[in-house]
Amino acid sequence: MSKEKVVRKPVEKIKPGQIVLFVVTILLAILFLYPVFFALISAFKSNGDILKNPIALPTSFYTQNFKDLFAQSDFATAILHSVFLTVVSEVLIVCIVPMAAYGIERRKSKTTSLIYTYFLAGMMIPFHLYMFPLFKEMKVFHIFGNMVGPIVCYISGSIAFGTLLYCSFLKGIPLEIEEAAQIDGAGEWQIFTKICMPLCKGAMCSIAILIFIDYWNMVEQPLILLSDSNKHPLSVFLSKINSGEIGLAFAVATIYMVPPILVFLYGEDYLVEGITYQGGIKG
C-alpha cells in the first residue's frame, strides 16, 4: 500500500503589527464594555455601596432597586410607550423606504433626481436647527402632545437615510434580472416584491436595526413633542431620574440597554450582509 504524503502548510509567522492591532482591539473592547459592566454591577448595589466603592463587585444580590423601580414609578408605562413608538415607526419605515427608493432609482427623471438631492441635503441639517419650526408645525397640524407627533418626526427624520441607503443597494441589482421578469409577464409590483425586496433583504435588515437603535435612544424629540410626562418613553424617563437615586438609575439603564443589544446580536449577520452586499449576481 502506498503511503499518501501529507503536505503541511507552512506556519505563518505572526507579525509585530498584528500583535499591536490585537492589543489595541482588546483595549478598545474593554474601554467600551466597561461602562456596561459598571452599570450592571451598580444596579445590584445600594446607593451607599455605590458611593462607598463604585468599582467594587456587589457583596450580595441586592434587588431592591428593581422592586422600587416597578413599585414607585411609571417604569412599566414608559416601557410600553417606548415599544409603541419604536415598533410603529419601524414598521412604517420598512413599508415606506423600499417603495420610495424603488421609485427614485428606477424612474430616472429630473424630479426623482431633485428628490434624491433634497434627501441628501436634509441629512446634513442637525435636529437642533429645525427644532422650533418643527414644534410650531406640530401645533398647526394638532399632533403636538400625542404619540402621532414623535412617530411622524421619527419617520420624516429617518426616511432620507433609509431611502439613500436602499437606493445604493438597488443600483447593485442588474436591470437584466428585472427585464427578464418583464419578459416572463411579471408586473412592476411583482418585480418590486418578488425580486428587488428579497435581493435587498440585507439592506432592509441593516436599515431596520440601525433605525431601531436610533428610535429607542431618542430623547430630544419625545421630550419636546410630548408635553405630558405620563406619555414619555423610557429614554426620557431615564433622563429625569433624581440624581440621588443612583441605584435606581443604574437599574433603569440595565433594563434600557437590553433590547438594543438583543436586536444587534440577533441581526448581526444581516447587518454584515447588508454592509458587504455586492449586487444581485454573485460569482
Side-chain angles (χ1 to χ4, degrees), residues 83-127 130 134 148 150-182 184 186-218 221 259-260 262-283:
V83 172
F84 177 78
L85 290 174
T86 304
V87 171
V88 172
S89 303
E90 187 86 6
V91 170
L92 291 175
I93 279 290
V94 169
C95 294
I96 294 172
V97 163
M99 292 187 290
Y102 185 82
I104 291 174
E105 185 59 32
R106 291 297 186 256
R107 297 291 182 89
K108 291 290 187 181
S109 65
K110 292 183 178 179
T111 303
T112 56
S113 298
L114 182 62
I115 295 174
Y116 187 88
T117 305
Y118 175 77
F119 281 166
L120 186 62
M123 291 177 61
M124 302 177 186
I125 302 175
F127 170 72
Y130 60 86
L134 178 67
V148 179
I151 291 174
V152 171
C153 195
Y154 288 179
I155 295 173
S156 61
S158 301
I159 193 171
F161 165 75
T163 302
L164 296 177
L165 184 60
Y166 205 87
C167 280
S168 65
F169 281 84
L170 284 174
K171 291 178 182 178
I173 300 178
L175 291 176
E176 289 79 4
I177 298 177
E178 300 179 28
E179 291 172 355
Q182 287 179 341
D184 291 337
E188 192 166 13
W189 179 252
Q190 290 177 313
I191 293 174
F192 171 69
T193 56
K194 300 293 180 62
I195 296 177
C196 294
M197 289 285 287
L199 287 176
C200 292
K201 181 182 68 174
M204 199 67 256
C205 290
S206 300
I207 294 170
I209 293 168
L210 295 174
I211 290 178
F212 175 87
I213 296 174
D214 188 29
Y215 289 167
W216 187 261
N217 295 324
M218 195 74 69
Q221 295 178 10
L262 292 179
V263 169
F264 178 80
L265 292 177
Y266 176 77
E268 182 181 3
D269 294 338
Y270 294 106
L271 188 62
V272 173
E273 179 185 349
I275 295 173
T276 59
Y277 180 76
Q278 297 296 328
I281 297 178
K282 298 181 180 179

Participant: What is the distance from atom CD1 of Ile104 to atom OG of Ser109, rounded to the nearest 0.5 Å?
Facilitator: 9.5 Å
Participant: Residues in ring-ring contact (aromatic ring centres under 6.0 Å, His included) with Tyr166, at least two apart?
Facilitator: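 ring-ring contact (aromatic ring centres under 6.0 Å, His included) list for Tyr166, sorted by chain: empty.
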Participant: Say you draw a straight line from CG of Leu134 to CD of Gln221; how long is it, rounded to the nearest 0.5 Å?
Facilitator: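 Going from the CG atom of Leu134 to the CD atom of Gln221 covers 7.0 Å.
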Participant: To check you understand the geometry: which heavy-atom pair defines the closest contact between Pro98 and Val94, and what is its length?
Facilitator: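 Looks like CD-O, 2.9 Å.
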Participant: If you take all heavy atoms of Ile155 and Leu92, which pair is closest and at what distance?
Facilitator: CD1-CD1, 3.4 Å
Participant: Rounded to the nearest 0.5 Å, what separates atom OG in Ser89 from atom CD1 in Ile151?
Facilitator: 4.5 Å
Participant: Report the residues that fulfil ring-ring contact (aromatic ring centres under 6.0 Å, His included) with Tyr102, sequence neighbours left out, ordered by chain and then residue number.
Facilitator: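 So Tyr102 forms a ring-ring contact (aromatic ring centres under 6.0 Å, His included) with Phe192.
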Participant: Could you check if a side-chain atom of Tyr215 sits within less than 4.5 angstrom of a side-chain atom of Ser158, using non-hydrogen atoms only?
Facilitator: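 Answer yes - side chains close enough.
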Participant: How far apart are the C-alpha atoms of Phe161 and Val97, what are their side-chain angles, what is the distance that settles it, and do they pass the side chain to side chain contact (heavy atoms under 4.5 Å, CB included) test?
Facilitator: CA-CA 9 Å; Phe161 165 75; Val97 163; over 6 Å; no
Participant: With heavy-atom distances below 4.5 Å as the criterion, would you say the side chains of Glu105 and Cys167 are in contact?
Facilitator: yes
Participant: Just wondering, do Val263 and Trp216 contact through their side chains at under 4.5 Å, heavy atoms?
Facilitator: no
Participant: Show, in sequence, the C-alpha distance, side-chain angles and deciding distance for Thr86 and Tyr154, and conclude whether the side chain to side chain donor-acceptor pair (under 3.5 Å) test is met.
Facilitator: CA-CA 9 Å; Thr86 304; Tyr154 288 179; over 6 Å; no
Participant: Which atoms form the tightest heavy-atom contact between Glu90 and Ile209, and what is the distance?
Facilitator: OE2-N, 4.2 Å
Participant: How many angstroms lie between CD in Gln182 and CD in Gln190, if you round to the nearest 0.5 Å?
Facilitator: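 The distance works out to 11.0 Å.
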Participant: Would the distance check show the side chain of Asn217 and the main-chain N or O of Ile213 forming a donor-acceptor pair, the cut-off being under 3.5 Å?
Facilitator: yes
Participant: For Lys110, look at atom NZ and say whether over 12 heavy atoms of other residues, nucleotides or ligands are found less than 6.0 Å away.
Facilitator: no
Participant: Could you verify whether a donor N or O on one side chain and an acceptor N or O on the other, from Tyr116 and Thr163, lie under 3.5 Å apart?
Facilitator: no
Participant: Show the nearest heavy-atom pair for residues Gly103 and Thr112, with the distance to one decimal.
Facilitator: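 Scanning both residues, the minimum pair turns out to be O-CG2, 3.8 Å.
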Participant: Side chains of residues 170-180: which donor-acceptor partners sit under 3.5 Å, not counting sequence neighbours?
Facilitator:
residue : atom : partner : partner atom : Å
Glu178  : OE1  : Arg106  : NE           : 3.2
Glu178  : OE2  : Arg106  : NE           : 2.8
Glu178  : OE2  : Arg106  : NH2          : 2.8

Participant: Is any side-chain heavy atom of Val87 closer than 4.5 Å to a side-chain heavy atom of Phe212?
Facilitator: no
